[in-house]
Amino acid sequence: MTAAASAELLDFDEVIAKYEPVLGMEVHVELSTATKMFCGCANRFGSEPNTQVCPVCLGLPGALPVLNEAAVESAIRIGLALNCEIVPWCRFARKNYFYPDMPKNYQISQYDEPIAVNGYLDVPLEDGSTFRVGIERAHMEEDTGKLTHLGSETGRIEGATTSLIDYNRAGVPLIEIVTKPIEGAGARAPEIARAYVTALRDLLRALGVSDVRMDQGSMRCDSNVSLKPIGQAEFGTRTETKNVNSLKSVEVAVRYEMRRQAAILEAGGTVVQETRHFHEDGYTSPGRSKETAEDYRYFPEPDLEPVAPSREWVEQLRATLPELPWVRRKRLQQDWGVSDEVMRDLVNAGAVDLVSATIEHGVSSEAARAWWGNFLVQKANESGVELDALPISPAQVAAVIKLVDDGKLSNKLARQVVEGVLAGEGEPEQVMKDRGLEVVRDDAALQAAVDEALAANPDIVEKIRGGKVQAAGAIVGAVMKATKGQADAARVRELVMAACGQTG
Ligand code: ADP
Ligand code: MG
Ligand code: ZN
């Protein structure tokens, strides 16, 4: 354990006995628009550094921003999905600061005039209940460039010898969603923080406005935590933990801050209002002390017109809102006739949409669930990727299931076909042919294998002849083994029965 990790922590139960936590979540989400917020540069993750840049997003003198309408549309849809009011008129603001990730030396953001205000999200919890989280605002802004610091152990700027800048991300449309203070969560605060971010991620994904990948930074979360003695109305001093980059980490960071702050308060100290960094091994450490709003010298952005969405447009967009993902899940669970546990496993595995898309290709929900929920989950774990990142599509899984249904593949052979698809060997039918996996139905070949098995097991043959038809299973098994599972088992059984003078 590092020094920071061993900071004084109070036992969680003791924290809860004496204090009430107040949370505030700030989530940044990159929109998956084709182009950036104020210029025509491509908005794509993972390209060669500094290949998606132009005078506008590089902040060259005289370049003027032009607002991306698709980004405003996404902002409005997000606001509506969060039950916010969409304001009739709002502006962008300049947030001034000098740092190399922002080549203009200011970020175009929204300050006191956000596009969406005063909403809420009913967050589903594990136990089936919901917890209402108030939404203070959702506003539009642009992302900054990405700095990579080399030469320091931590990857942070302290101690770095070189810093690299990639401006591909500068100007990517960003929506920041800020909650009202979350009170009354008590011992469930860490769980609620995580459940809120999970619900928000699922909602944004269902809206189709972002790919919401916390691991790639297209969804980033800061968690504010403060404690107050139970019964006190006034909030305590908060800390803001930055860039908590997985759902699990959201929970861990909140729990850690509650325990750390409580230890300070118990010792008669005061909590310092500051930004803290989350570390993957489960603790937070102090970062810079927070700039205040005055430091940023906000003023209305003079190069952009105000945004005044017509009520008609807002209502048109309201009509495009999808079914809430957790409501949809409940419906699918009923359609598929599965238990809460099975559904939870599918949700946790990220399999629900994949199963649903597979069923749309005309196969049974049972088979679709079995493939995604068992074999493919295992494959994803083995290669350390998300289920939906596996190189196999719902259409391909459905094709494999159909080959099984048609008796061309046994389940065992089907797994080899899927492995071939995952290895890039082509479509399922092709893999089956190339690998020679198709079930053998040719009677001549099967008869030879059956005769061999019968000859090797005269005692069993005697039993079958004597009427013990269940003994045929052993012969069928021997044939399947000899043909490496490629024989058509039903046909083999028929041949065995016929050879032993039995009809069924
Ligand atoms: P900043 O720009 O300082 O990060 P924001 O208003 O963007 O401030 O976000 C602060 C977040 O913290 C909001 O979600 C807000 O509801 C929440 N918050 C405010 N005061 C407290 C407090 N005392 N304890 C916990 N959360 C708080
Ligand atoms: Mg903030
Ligand atoms: Zn550009």
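Whatever order the structure lists them in is the order used to number ligands and atoms, beginning at 1. The basis for the numbers below is simple: all heavy atoms, side chains too, and nothing from hydrogens, waters or symmetry mates.
- Using a cut-off of 4.0 Å between Lys/Arg side-chain N and Asp/Glu carboxylate O, Arg331 and Glu323 are scored as salt-bridged.
- Interface atoms of ligand 1 facing Thr179, defined by a heavy-atom separation under 4.0 Å, are 13 (C), 14 (O), 15 (C), 16 (O).
- A pairwise comparison of heavy atoms in Phe92 and Gln110 identifies CD2-CG, 3.9 Å as the closest pair.
- Within ligand 1, counting atoms from 1 as listed, the ones closer than 4.0 Å to a heavy atom of Val178 are 9 (O), 13 (C), 14 (O).
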Would Glu257 and Arg260 satisfy salt bridge (Lys or Arg N to Asp or Glu O under 4.0 Å), going step by step from the backbone distance to the final call? CA-CA 5 Å; Glu257 268 308 286; Arg260 189 189 66 84; 2.9 Å; yes
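- Atom numbering of ligand 1 starts at 1 in the shown order; those under 4.0 Å from a heavy atom of Arg137 are 6 (O), 7 (O).
- Nearest-residue assignment for atom 3 (O) of ligand 1 (options Glu240, Arg238, Glu176, Glu26; heavy-atom criterion): Arg238.
- Tyr296 carries Lys95 over the face of its six-membered ring, with the cationic atom under 6.0 Å from the centre and within 45° of the normal.
- Applying the ring pair (Phe, Tyr, Trp, His ring centres under 6.0 Å) test to pairs two or more places apart or on separate chains, none has a residue in residues 338-359.
- The atoms of ligand 1 that sit less than 4.0 Å from any heavy atom of Gly236 are 23 (N).
- For Asp222, no heavy-atom contact with ligand 1 is shorter than 4.0 Å.
- The closest approach between a heavy atom of Glu183 and any atom of ligand 1 is not below 4.0 Å.
- The salt bridge (charged side-chain N to carboxylate O under 4.0 Å, His left out) test applied to Arg255 returns no partner, not counting sequence neighbours.
- Heavy-atom contacts of Lys180 reach the following atoms of ligand 1: 16 (O) (cutoff under 4.0 Å).
- Ala399 meets the side chain to side chain contact (heavy atoms under 4.5 Å, CB included) test with Pro428; sequence neighbours excluded.
- In this structure, Glu382 places its CD atom where more than 12 heavy-atom neighbours from other residues, nucleotides or ligands lie under 6.0 Å away.
- Interface atoms of ligand 1 facing Leu23, defined by a heavy-atom separation under 4.0 Å, are 26 (N).
- With Phe12 as the aromatic partner, Arg259 does not meet the cation-pi criteria of under 6.0 angstrom to the ring centre and within 45 degrees of the ring axis.
- Around the Zn ion (ligand 3), the protein atoms of type N, O or S that sit closer than 2.8 Å are Cys39 SG, Cys41 SG, Cys54 SG, Cys57 SG.
- Summarising the local packing, NZ of Lys146 is surrounded by 12 or fewer heavy atoms from other residues, nucleotides or ligands at distances under 6.0 Å.
- Of the candidates Pro21, Pro181, Ser226, it is Ser226 that places a heavy atom closest to atom 22 (C) of ligand 1.
- In Glu234, neither the side chain nor the backbone holds a heavy atom less than 4.0 Å from any atom of ligand 1.
- Cation-pi contact between Arg94 and Tyr106: present, with separation from the ring centre below 6.0 Å and deviation from the ring axis of at most 45°.
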